[in-house]
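Read the structure below first, then the notes.
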Amino acid sequence: MVEIKVENESSRDLAEERAPLLVPEVEKTLVQKAISQTFQSTAHLANLLPTGSVLAFQLLSPIFTNQGECDAVSRSMTAVLIALCGLSCFLFSFTDSFKDQKGNLCYGFATLHGLWVIDGSATIPPELAATYRLKFIDFMHAFMSILVFAAVALFNQNVVNCFYPMPSDEAKELLTAMPVGIGVICSMLFVVFPTKRHGIGFPLTAN
């Protein structure tokens, strides 16, 4: 009987020792939820940039910058690449898409009077076209798109080395903090003021 009592006490002590291990699991779950929410909010940031423009920049920037070892020619080519990609991000913010009667996806530019279909292969009723007209939030998103692309460019070490091969300590702090600040601010603004446009290079959602 004594042995049984000892075993019961031992098992009780083990249970008490294992009980606190449940607390980190709850905390871990809360952390996972916070991380998941952060990623979900950050995912909206990707909607600000056309995937084609970003992909072209990521593929061409190492070549144009000569892996960060720029001369006058490569520096000029890199500046042109950044300008063209930034301009495409701005212009594509005013594009939108719709499905015609056959179910084909058609793209167009938003205007003050509605949607102008790019290839002219489909016609859109005036009532429906009016729902695609330009709004103030389109210009806001286009401006944020350029800012986000600038943050992406500043995160590219080859681009930084090309234009700032020997930055000062203050410049290093600025180049480190500015992209993060731009990303956080634009992400917050985009979550608060989401766009409903699904233009060229932007992800599509089910209607």
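Below, all heavy atoms of this structure are taken into account, side chains as well, without hydrogens, waters or symmetry copies.
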Separation of [Y] [atom2] from [X] [atom1] (nearest 0.5 Å):
| X | Y | atom1 | atom2 | value |
| --- | --- | --- | --- | --- |
| L81 | I63 | CG | CD1 | 10.0 Å |
| I146 | S88 | CD1 | OG | 9.5 Å |
| H141 | C89 | NE2 | SG | 14.5 Å |
| T95 | W116 | OG1 | CH2 | 12.0 Å |
| D71 | T65 | CG | OG1 | 11.0 Å |
| Q58 | N158 | CD | CG | 9.5 Å |

Check your understanding: Are any non-hydrogen side-chain atoms of F64 and L59 less than 4.5 angstrom apart?
Key -> no
Exercise for the section: For residues V159 and F57, determine if any side-chain heavy atom of one lies less than 4.5 Å from a side-chain heavy atom of the other. Expected result: yes
When you group the ILVMFWY residues by side-chain heavy-atom contacts below 4.5 Å and let the links chain together, are [Y] and [X] in the same group?
| X | Y | answer |
| --- | --- | --- |
| F136 | L112 | no |
| F193 | M144 | yes |
| L84 | F163 | no |
| I82 | M178 | yes |
| V192 | I137 | yes |

- Task: Determine the interplanar angle of the F98 and Y132 rings, folded into 0 to 90°, and report it as parallel if under 30°, tilted if 30 to 60°, perpendicular if over 60°.
- Result: tilted
Open item on the list: With side chain to side chain contact (heavy atoms under 4.5 Å, CB included) as the criterion, how do D138 and K135 come out once you've worked through the C-alpha distance, each side chain's angles and the decisive distance to 0.1 Å?
Closed with: CA-CA 5 Å; D138 295 324; K135 300 177 181 178; 3.9 Å; yes
Sorted by chain and number, sequence neighbours left out, disulfide (SG to SG under 2.5 Å) with C162 holds for C70
On a heavy-atom basis, which atom in [X] and which in [Y] lie closest, and how many Å separate them?
| X | Y | answer |
| --- | --- | --- |
| G108 | I118 | CA-CG1, 3.7 Å |
| S93 | R197 | O-CD, 4.0 Å |
| P179 | T176 | CD-O, 3.7 Å |
| C186 | V148 | CB-CG2, 3.7 Å |
| F149 | G86 | CE2-N, 3.7 Å |
| H113 | R133 | C-CB, 4.3 Å |

Q.
The test is side-chain hydrogen bond (donor to acceptor under 3.5 Å, both in side chains); show your working for S61 and N156 and say whether it passes.
A. CA-CA 8 Å; S61 59; N156 192 305; 3.2 Å; yes
